[in-house]
Structure formats: structure tokens, C-alpha cells
Amino acid sequence: MNLKDYKGVVKEINATNIVLIGNDRETVTIPTKLVWNAPIVRFEEKKTKE
């Protein structure tokens with residue numbers, strides 16, 4: 001997930017916060033009020049045929 005300037009894996013979503021684990025293992029807590037009008041980009045791992 002890419003939100004504002006933060007990228008990471010969503011660890012938790014609740015009524016007040018979204019918690020991400022960043023690529024550097026840093027925990028980022030973002031208030032949900034910042035998310036309402038912000039674009040959110042979801043990245044998925046592409047599977048390749050072997």
C-alpha cells in the first residue's frame with residue numbers, strides 16, 4: 001500500500017488509525033482522517049510462471 005508518502009504492508013486498520021509496516025521494518029501509524037480524501041495505491045505481487 002502506498003499512502004501519502006508512506007509505503008508498506010497494512011498491519012492493522014481500526015476506527016482511528018491505519019498501521020503500516022514499512023519496507024525498512026519501521027511501524028508507521030497514520031490517522032484515518034488523513035486517509036478519507038487521499039489516494040491509496042494497492043500493489044500486488046505478480047506471480048510468474050515457472
Side-chain angles (χ1 to χ4, degrees):
M1 171 184 253
N2 182 3
L3 176 63
K4 298 260 182 194
D5 293 326
Y6 301 104
K7 292 182 181 180
V9 175
V10 176
K11 179 180 177 184
E12 179 182 342
I13 299 174
N14 60 48
T16 58
N17 297 308
I18 295 175
V19 180
L20 300 178
I21 302 298
N23 295 335
D24 56 359
R25 304 271 186 216
E26 180 179 47
T27 301
V28 179
T29 303
I30 303 168
T32 54
K33 67 180 180 180
L34 296 179
V35 178
W36 288 110
N37 293 317
I40 298 173
V41 179
R42 180 177 176 219
F43 297 98
E44 292 187 29
E45 186 176 325
K46 292 185 179 181
K47 301 193 184 224
T48 58
K49 293 182 180 181
E50 294 183 20

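The distance from the CD1 atom of I30 to the OG1 atom of T16 is 12.5 Å, given to the nearest 0.5 Å.
Under the side chain to side chain contact (heavy atoms under 4.5 Å, CB included) test applied with K11, the options I21, I18, V28 reduce to a single match, I21.
Side-chain contact between L20 and T27 is absent, with no heavy atoms from C-beta onward closer than 4.5 Å.
The minimum heavy-atom distance linking N14 with T32 is given by the pair O-CG2, 3.6 Å.
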